[in-house]
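Just so you know, these numbers come straight off a predicted model, no measurement behind them. Naming convention: chains lettered A, B, ... in sequence-line order (proteins, then strands); numbering from 1 in each chain.
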There are 2 protein chains.
Amino acid sequence: MPDIMGRHRAILNEAHCQTCSLSSLCLPLALELEHMDQFDSIIRRRAPLKKGEPLFRQGDVFTSVFAVRSGSLKQVTTEGNGSDQLTNFYLPSELVGLDGINEATYPGSIIALETTTVCEIPFDRLDLLSEQLPELRGQLYRSMSKELREDRRMMRLLSRKTADQRLASFLITLSERFRRRGYSPYSFRLSMSRADIGNYLGLAVETVSRILSRFQSQKVVAVSGREVNVLDMPALIALSEEEEQELNSP
Amino acid sequence: MPDIMGRHRAILNEAHCQTCSLSSLCLPLALELEHMDQFDSIIRRRAPLKKGEPLFRQGDVFTSVFAVRSGSLKQVTTEGNGSDQLTNFYLPSELVGLDGINEATYPGSIIALETTTVCEIPFDRLDLLSEQLPELRGQLYRSMSKELREDRRMMRLLSRKTADQRLASFLITLSERFRRRGYSPYSFRLSMSRADIGNYLGLAVETVSRILSRFQSQKVVAVSGREVNVLDMPALIALSEEEEQELNSP
DNA sequence: CGAACTTTTGAGTCGAGTCAATCTTGGTGG
DNA sequence: CCACCAAGATTGACTCGACTCAAAAGTTCG
């Protein structure tokens, strides 16, 4: 009985920004308590997504952005012909759907990589609230700006880096994101398949697999299925930077 | 005398959003006249930049975004070691500096590719004004969202496309951007060097040059130095799409 | 417990990079 | 105004990293 009560309370707590453990990383991060109430009131809670389920599909009408509460998702864009491009992974506290604001529809599908819960934030209401709350508006601008910045980093990765550097960078970025969220930066589980990683990094699955094996034989990481242990972070960082390409400086 | 008067008036006219020929493409696009006055009043005009001059440098303190009035610019990011990455070209009506909002500094240098004029928009004042003008706020969100979307397209290009497809896509995108601005989509001048194009597309200069020569011999385009004539747009589009890579679909 | 999917490993090929040499062009100073 | 020089662009020869194809080994889940 007390157990059930306890769990029940925990779920209710989780369900509000004021008590959410992610609030220091998420959109309402800059808001005072009273304003957070207002923000919280426009949020819609959603039933958890199961692995493989879409949060929305490419072409769906844009209505909301979403904050990831737990789990993880991938963004996949399908071109006219059947080829897919995986353009992003989303972890807890990150905002999904910002690239849909511009046109009426979402430019890619968002698929859960594991059991995942999100907070839905209807954009028209968010926009209105951002009129009254400069901190919220600023945070929204910052979130988009940050994503722009990360995109530029990804472009550099794709146009300059070797397969080894890409994998190393990918593992470091993941590690860093886990660390910021309070998890171990040295030991984590990949929620995405090798195929997803390859698609995201512009590499063939075989290449991803081969390079992970090599990293393992170099004692830089230990990989077992989707379990990753970073054994030598400095070496991994060195791998992500070494032998920088020249390629005609402007 | 009337000539001078006329030119004088022309310059003054150009210098305000209300009479700027780009206003239908630029940030104040959605504003009514009275609101445009308010917007116009926060803009700072700048002396034209000469070719090669920076609008600002990587690491400079973020204060403003800029709208391109005439000419063109490139964004260049320098990594710890000396290697540069060209992440964007900016044409008239486009907004420069949005990726600086997030942190205190600009993540890359912006360099004029030719004689270029810009409108400076101090961000703190823009933010305040966006509180009062929902249309302005919406347009700002849309601009950032659009840039996110374009970044995703660029990532696909860099991770999936062959050198031929990249060059063809690049030419098509430029052509489209000129068309939207009222210039010929079939005949235009590249303001950037081959090295810039290569750096942007993740290709060696030699590859850019070779492929342009080949396109020329295939009678798809006629290239003479920086002058480009698109002879067969359908063929160019076909080149940008053909033989789509598979590379592990998620 | 087995079918389907995912991952790993091996062998062979090719697109695009590097290096090198030549040709053009645009800007500068005489 | 033109000649010159440095920077930019082109073309060729060679190399190599990552892809494709193929097959085996491991994992997941009904």
Side-chain angles (χ1 to χ4, degrees), chain A residues 50-52 74 83 86 113-115 157-168 170 189-217 221-228 239 242-250, chain B residues 50-53 74 83 86 111 113-115 157-168 170 189-217 221-228 239 242-250:
Chain A
K50 290 200 214 33
K51 179 174 174 173
K74 62 180 177 184
S83 93
L86 203 166
L113 292 170
E114 57 196 310
T115 302
L157 180 143
L158 291 172
S159 80
R160 289 282 115 77
K161 299 204 174 189
T162 64
D164 287 43
Q165 294 171 329
R166 292 184 202 191
L167 249 307
F170 176 71
R189 183 180 169 74
L190 303 172
S191 58
M192 67 292 285
S193 68
R194 301 287 194 268
D196 285 342
I197 297 174
N199 189 305
Y200 178 61
L201 297 177
L203 300 171
V205 201
E206 295 93 326
T207 305
V208 173
S209 186
R210 259 186 268 275
I211 291 175
L212 285 179
S213 299
R214 185 145 40 78
F215 283 0
Q216 172 138 268
S217 74
V221 295
V223 185
S224 169
R226 295 188 170 191
E227 243 17 90
V228 174
L239 278 168
E242 76 186 3
E243 55 169 302
E244 197 71 23
Q245 321 279 299
E246 251 326 302
L247 206 56
N248 32 275
S249 285
Chain B
K50 290 201 216 30
K51 179 175 174 176
E53 276 187 338
K74 62 181 175 183
S83 92
L86 202 166
I111 314 282
L113 292 170
E114 58 195 310
T115 303
L157 179 143
L158 291 172
S159 79
R160 289 283 115 75
K161 299 204 172 188
T162 64
D164 287 43
Q165 294 171 329
R166 292 183 201 192
L167 249 306
F170 176 70
R189 184 180 168 73
L190 303 172
S191 58
M192 67 293 284
S193 68
R194 302 286 194 270
D196 285 342
I197 297 173
N199 190 304
Y200 178 61
L201 297 177
L203 300 171
V205 200
E206 295 93 326
T207 306
V208 174
S209 188
R210 261 186 267 273
I211 291 174
L212 286 179
S213 298
R214 184 145 42 75
F215 283 0
Q216 172 137 270
S217 74
V221 294
V223 184
S224 168
R226 296 186 170 190
E227 267 340 296
V228 174
L239 278 168
E242 75 186 1
E243 52 167 303
E244 197 72 21
Q245 321 281 298
E246 249 327 303
L247 205 56
N248 33 273
S249 286

- Task: Keeping the roles fixed (side chain from A/S217, backbone from A/R214), state whether a donor-acceptor pair exists under 3.5 Å.
- Result: yes
- Task: Verify, without hydrogens or angle tests, whether B/R194 (side chain) and B/R226 (backbone) share a donor-acceptor contact under 3.5 angstrom.
- Result: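 The answer is no, because no donor-acceptor pair under 3.5 Å joins these two groups.
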- Query: Should the pair A/R189-A/E227 be classified as a salt bridge under the 4.0 Å nitrogen-to-oxygen rule?
  - Reply: yes
- Under 4.5 Å between any side-chain heavy atoms of A/R160 and B/N199, yes or no?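 Heavy-atom side-chain distance check passes, below 4.5 Å.
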[X] has a side chain; which of [options] sits nearest to it?
X: A/S213; options: C/dT9, D/dT11, C/dT7; answer: C/dT9
X: A/K51; options: D/dA18, D/dC29, D/dC21; answer: D/dC29
X: B/S193; options: C/dT8, D/dG8, C/dA20; answer: D/dG8

- Message: A/L201 vs A/T207, test: side-chain contact (heavy atoms from CB on, under 4.5 Å). Steps then yes/no.
- Response: CA-CA 11 Å; A/L201 297 177; A/T207 305; over 6 Å; no
- Query: Reckon A/S209 has a side-chain N or O less than 4.0 Å from the OP1 or OP2 of C/dT6?
  - Reply: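 For C/dT6, OP1/OP2 do not have a side-chain N/O of A/S209 under 4.0 Å.
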- Message: For a quick test of reading the model: is some side-chain N or O of B/R226 closer than 4.0 Å to OP1 or OP2 of C/dT25?
- Response: no
Take atom [atom1] of [X] and atom [atom2] of [N], then tell me their distance rounded to the nearest Å.
X: B/L157; N: C/dA16; atom1: CG; atom2: C1'; value: 15 Å
X: B/L167; N: C/dA16; atom1: CG; atom2: P; value: 10 Å
X: A/R160; N: D/dA18; atom1: CZ; atom2: P; value: 15 Å
X: A/R210; N: D/dT20; atom1: CZ; atom2: C1'; value: 10 Å
X: B/R194; N: C/dT24; atom1: CZ; atom2: C1'; value: 11 Å
X: A/Q216; N: C/dT9; atom1: CD; atom2: C1'; value: 14 Å
X: A/D164; N: D/dC19; atom1: CG; atom2: C1'; value: 15 Å
X: B/L201; N: C/dA16; atom1: CG; atom2: C1'; value: 14 Å

- Query: Pick the nucleotide of DNA chain C nearest each of B/R166 and A/M192; which residue has the one closer to the 5' end?
  - Reply: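 Counting from the 5' end, the first nearest nucleotide belongs to A/M192.
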- Query: Mapping A/R214 and B/L212 to their closest nucleotides on DNA chain D, which lands nearer the 5' end?
  - Reply: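 Per heavy-atom nearest nucleotide, the more 5' residue is B/L212.
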